[in-house]
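Everything numeric here is computed off the predicted structure, so don't read it as measured data. Chain letters run A, B, ... following the sequence lines, proteins first, then strands; residues in each count from 1.
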Amino acid sequence: MVVMFQLFKRDVMRCLNVDERFVKESDHADLACTIAFKIAKEEGKNPIDVANELVERLEPMGYVGKIEVVNGYINFFASEEFLEDTINTIIDTDENYGYLGLRGEVLIEHTSANPDGPLHVGHMRNAIIGDTLARIFRKAGFNVKTHYYVNDMGRQIAIAVLGYRMFGLDESKKPDHAVVEAYVRANEEIERNEELEREVEKLMIEYENFKDEVVRDFRFVVEKALEGIRRTLEELNVRHDEYVWESEFLRNGYVERVLKMLEERGLIKKERAWFIEMDEKPVVLRRENGTTLYVTRDLAYHLWKNENFERFVNVLGSDHKLYGRQLSKILEMLNLKTPEIVFFEFVSLPEGSMSTRRGKFVSADELIERVYEEAKKIVEGREMENKEEIAKAVAIGAIRFDFVKVAPEKPMVFDWTKALDFERQTASYIQYAHARCCSILRKAVKMGMPDLDFKPELCTKVERDLVMHLSKFPYTIERVVKDLKPNYMAEYLLNLANRFNEFYREHRVLDESGEIRMHRLAIVDAVRIVLRNGLELLGIEALEKM
RNA sequence: GGGCCCGUGGCUCAGCAUGGAUAGAGCGACGGCCUUCUAAGCCGUAGGUCGCGGGUUCAAAUCCCGCCGGGUCCGCCA
C-alpha cells in the first residue's frame, strides 16, 4: 500500500506541526501552507514575517525538500528522494499502483432500471457512475459486490405483462426493445379503455400472491427485458455481480421481518392502509388491499444489506432524494445503517425530459451504435490492424468518459451532434497518450532491452511536474472513495495526458543516450502504467496502438 | 406554495470539500507546426461583471442571507 503524495503531505504537516486545513495544493508549489496568515492576524503581525520566522526554526523532514516563503505563503517542494520513490514505486507495483489497502465489504447498487424496456441515456449515466465507483472502490482495496435491483413488482411491469398477454413480444427485436413496445402499446390501450386499469391491479395482486401462471408471465417478461439490458451493459463494460429481484424479499421473509420490527417499536399506524408518520409526508407500507409497496420491499432489502455488508452505496436519480431521505430515516428508527446515496441529476433531451412510457427517449443501444459507426469512419482512413476493435474501444471510451467527467449533481443535456463529434472526445485523447507511451517503449525494446533508471537530479521542470502528478493517483482514488465523485478521476487522467503531451513535445526519449535515455524511459513507463490503471478504473480500454 | 439541485468566455464543462497568490480545459473562431519517438497530437491569438444584490473576512467563484432563471420532488407509483 503506497500513497506517495499523502506521505509527502503528512511530512509537510509534521514539520510545521499544522493540521490539514492549512496545507493545500497550489500552482506555485507542490504544497502550500497558509498558516502564517492566521497567526499574523491573531498576533497583529505581518504574514511575511511570521512565515519567515516559522521557516527559520523548521526542520525539513522525510520527503520535504525545498521550502520558500512568498507573500506569506510557505511553499513546499518535494525532495528528489520523493520523486525517485514515486517512479520506482509505480514501476515496482505496476497494476497494483493505486491500491490503498482499505478493507471492508461494500455493496454498490446501481442502474436498477425498471425491466419494462431498454436502457436510455439517463440509465447510462447511472450505470457508468456506479460501475466506475465499483472499480475505484475495488482498487482502493474494498471487497465490492455490485447489485442490479430488479423492480419486478411495479405497476409498469404489470402493464408490460398486460401488453405481452395482449400482443405478445416481437421476436425479431432485441428482447428489451420488444418489451417496451408491448409496454407502450398497453399504455395506449389503457388510456382508451379504463377497464384495463383493473386488469393491471389484478395482475399486481396475483403476482404478490404468487399465482402460478401470473408469476410465469412476469418472470418471462422481466427476464426478456433483463436479457436485453444485460447485453447493453456488457457493451459498456458494465457488469453486475448479481441481479436481485425485489419479489425475493417477499418470499424470503424479510418483508415480514422488517414490518414486524417496525411494529414492535410502535412506528406503524394502521388505518385502512399501514403507514409511518414522517415530517415531510407519511410513508405507506401496506395498501388497503393488503399488498406491499416499493418502499416496503426496499426496506427489507436494506435490512438484508445491513446483515451482509459494512457499507452500501446506492446510485439514484435525484428525483429520488425525498425517497432516499425517508428510507434512511426509517432505517435509523430501527437502528440500522443507512445507505450512502449518490444522486445524479437528469439527462434531458434538447426538446425536454425523457419518458419510457411515451416511448420518448434515446436508447443506450442507439447511442452506442451511432457513436461506434462514427468511430469506424475515422478508423477507416488509417493504416492499422484490428480496426473494428479499436473503433469499439474508442467509441465506448468516448461514451463512458463523456458521462463520467460531469459531476453527478450537474444536469446534462444530451445532444446528438456533440455525442458524435469526435473532435471533442476527450477519452481518445487519453487513450492516445497511452498509445504513445507504448509506442516509445516498444521501439526501445526493439532497439535492445532498455534499462529504466530514474534520476531525480536529471529532471527538468516539465518532468518534475509530471512525476508529482503521477504521485497523486492514489490520492485521487482516496478522494473519489471519500466524496463518491468519480469525475475526479476523469479530471485527473485528462490532466495527466495533458502533462505527458507537454513532456512529449519538449523532450526526446529514444534519441537520447545513456542515463538521460534510461531516466526518460522510466518516466514514460510510469506514465504508461498510471494511464493504463486509470483508464481501467473508468472502464475504458487502454489501447496500445491506435 | 414548500424542500433539494444547478447557474463560471459563443457552446460543453472543471475548480467550491479545507476561502488565499494571474479563474483552468475541450469545442467553436483566427494564425501556425508532419525529412525528428503516433498530427486522434502540438504551439500561438481573440474571448470571462464566476446569474444578481448584500454580508462575513486581511482575502470570496468558493462561506452566510436575500432575489432571479432553469430542473426536480411533494402518490395506498416505482
Side-chain angles (χ1 to χ4, degrees), chain A residues 19-29 32 34 37-38 40-41 47 70-73 75 112 114 116 151 153-157 246 271-275 279-289 291-295 297-298 317-323 325 343-346 348 353 375 378-379 382 384 390 394 402 405-413 415 418 421-433 435-444 479 482-483 485 487-488 490-491 494-495 497-498 501-502 504-512 520 524 543 545-546:
Chain A
D19 72 81
E20 202 175 8
R21 287 206 313 280
F22 300 101
V23 176
K24 341 208 154 192
E25 292 173 69
S26 160
D27 293 337
H28 308 268
T34 56
F37 293 101
K38 184 183 159 66
K41 169 78 173 141
V70 181
N71 299 332
Y73 296 90
N75 287 340
S112 304
N114 288 334
D116 56 4
N151 306 154
M153 302 192 71
R155 195 183 126 78
Q156 48 278 77
I157 304 310
E246 61 170 327
E271 292 176 3
R272 283 186 298 275
W274 295 10
F275 61 96
D279 294 340
E280 289 166 284
K281 61 158 192 171
V283 172
V284 178
L285 297 172
R286 198 170 174 276
R287 293 188 185 89
E288 199 174 347
N289 69 16
T291 56
T292 55
L293 287 95
Y294 178 78
V295 65
R297 277 102 62 180
D298 206 17
S318 65
D319 53 334
H320 289 74
K321 277 190 177 177
L322 173 60
Y323 174 82
R325 261 202 310 276
F343 291 106
F344 66 92
E345 281 293 332
F346 271 26
S348 56
S353 55
I378 293 169
V379 169
R382 290 163 206 261
M384 54 174 63
I390 289 170
V394 167
D402 244 15
K405 74 178 180 196
V406 180
E409 70 274 14
K410 297 269 189 178
M412 287 175 78
V413 176
D415 182 339
K418 286 186 181 112
D421 178 5
F422 264 84
E423 289 303 308
R424 60 171 287 287
Q425 294 304 350
T426 30
S428 51
Y429 178 82
I430 300 168
Q431 287 171 309
Y432 190 68
R436 272 180 158 175
C437 292
C438 291
S439 175
I440 292 173
L441 294 163
R442 226 172 13 242
K443 291 201 164 134
R479 290 182 59 221
K482 180 171 151 275
D483 295 349
K485 306 243 299 192
N487 53 305
Y488 292 163
E491 183 72 11
L494 209 48
N495 202 311
N498 209 314
N501 280 328
E502 197 180 351
Y504 186 86
R505 176 179 82 241
E506 298 195 3
H507 305 300
R508 305 257 89 207
V509 178
L510 298 176
D511 297 342
E512 298 288 347
R520 293 201 176 147
V524 172
L543 295 166
K545 288 182 186 173
M546 63 187 285

Pairwise [atom1] distance, [M] and [N] [rounded to whole Å]:
N	M	atom1	value
B:U45	B:C5	C1'	38 Å
B:G19	B:A61	C1'	10 Å
B:C42	B:U22	C1'	24 Å
B:C76	B:A14	P	36 Å
B:G55	B:G15	C1'	24 Å
B:G51	B:A60	P	15 Å
B:C6	B:C63	P	10 Å
B:G26	B:A40	C1'	14 Å

Which nucleotide in the set [options] lies at the smallest distance from any side-chain heavy atom of [X]?
X	options	result
A:Asn75	B:A40, B:A25, B:A21	B:A21
A:Arg436	B:A25, B:G71, B:U38	B:U38
A:Glu345	B:C5, B:U38, B:C76	B:C5

How would you label the contact of [X] with the nucleic acid (heavy atoms, under 4.0 Å): base, sugar-phosphate, or nothing?
X	value
A:Tyr323	base
A:Asp116	nothing
A:Tyr504	base
A:Thr291	nothing
A:Val284	sugar-phosphate
A:Arg382	base
A:Glu502	nothing
A:Ile390	base

Hey, is the side chain of [X] pairing donor to acceptor with the base of [N] inside 3.5 Å?
X	N	result
A:Asp319	B:A78	no
A:His28	B:U22	yes
A:Ser26	B:A21	yes

Can you measure [X] atom [atom1] to [N] atom [atom2] for me and round it to whole angstrom units?
X	N	atom1	atom2	value
A:Phe22	B:A17	CZ	C1'	15 Å
A:Arg325	B:C74	CZ	P	11 Å
A:Lys24	B:A17	NZ	C1'	10 Å
A:Lys281	B:A78	NZ	P	11 Å
A:Asn498	B:G26	CG	C1'	10 Å
A:Glu25	B:C16	CD	C1'	14 Å
A:Leu510	B:C37	CG	P	9 Å

Original post:
A:Asn71 or A:Pro282: which one's nearest nucleotide on RNA chain B is closer to the 5' end?
Top reply: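 Between the two, 5'-proximity favours A:Asn71.
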**OP:** Would you mind telling me which residue lines up with the more 5' stretch of RNA chain B, A:Asp483 or A:Ala375, judged by nearest nucleotide?
**Re:**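 So the residue in question is A:Asp483.
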Subject >> Duplex segments of RNA chain B, taken as runs of at least three Watson-Crick or G-U pairs that stay under 3.5 Å >> reply: B:1-7 with B:68-74, B:10-13 with B:24-27, B:29-33 with B:41-45, B:51-55 with B:63-67
Polar atoms only, N or O, under 3.5 Å: list the protein pairs with nucleotides 13-15 of chain B and their distances.
| unit_1 | atom_1 | unit_2 | atom_2 | d |
| --- | --- | --- | --- | --- |
| B:A14 | OP1 | A:Ala407 | N | 2.9 |
| B:A14 | OP2 | A:Lys410 | NZ | 2.8 |
| B:A14 | O2' | A:Glu491 | OE1 | 3.2 |
| B:A14 | O2' | A:Glu491 | OE2 | 3.0 |

Is [Y] close to [X] at the side-chain level, that is, under 4.5 Å between some pair of heavy atoms?
X	Y	answer
A:Val406	A:Phe344	no
A:Lys281	A:Leu322	yes
A:Asp402	A:Met412	no
A:Leu543	A:Ile390	yes

Between [X] and [N], does any side-chain N or O lie under 4.0 Å from OP1 or OP2?
X	N	result
A:Asn501	B:C42	yes
A:Arg287	B:C77	yes
A:Tyr429	B:C42	yes
A:Tyr294	B:A78	no
A:Ser439	B:U38	yes
A:Arg505	B:C43	yes
A:Lys443	B:U38	yes

**OP:** Supply the atom-to-atom distance A:Arg272 CZ to A:Asn289 CG, rounded to the nearest 0.5 angstrom.
**Re:** 13.0 Å
Original post:
Syn or anti for B:C64, with syn set at within 90° of 0?
Top reply: anti
**OP:** Decide, applying a 5.5 Å centre-distance limit and a 30° plane-angle limit (both strict), whether A:Tyr73 stacks on B:A21.
**Re:** yes
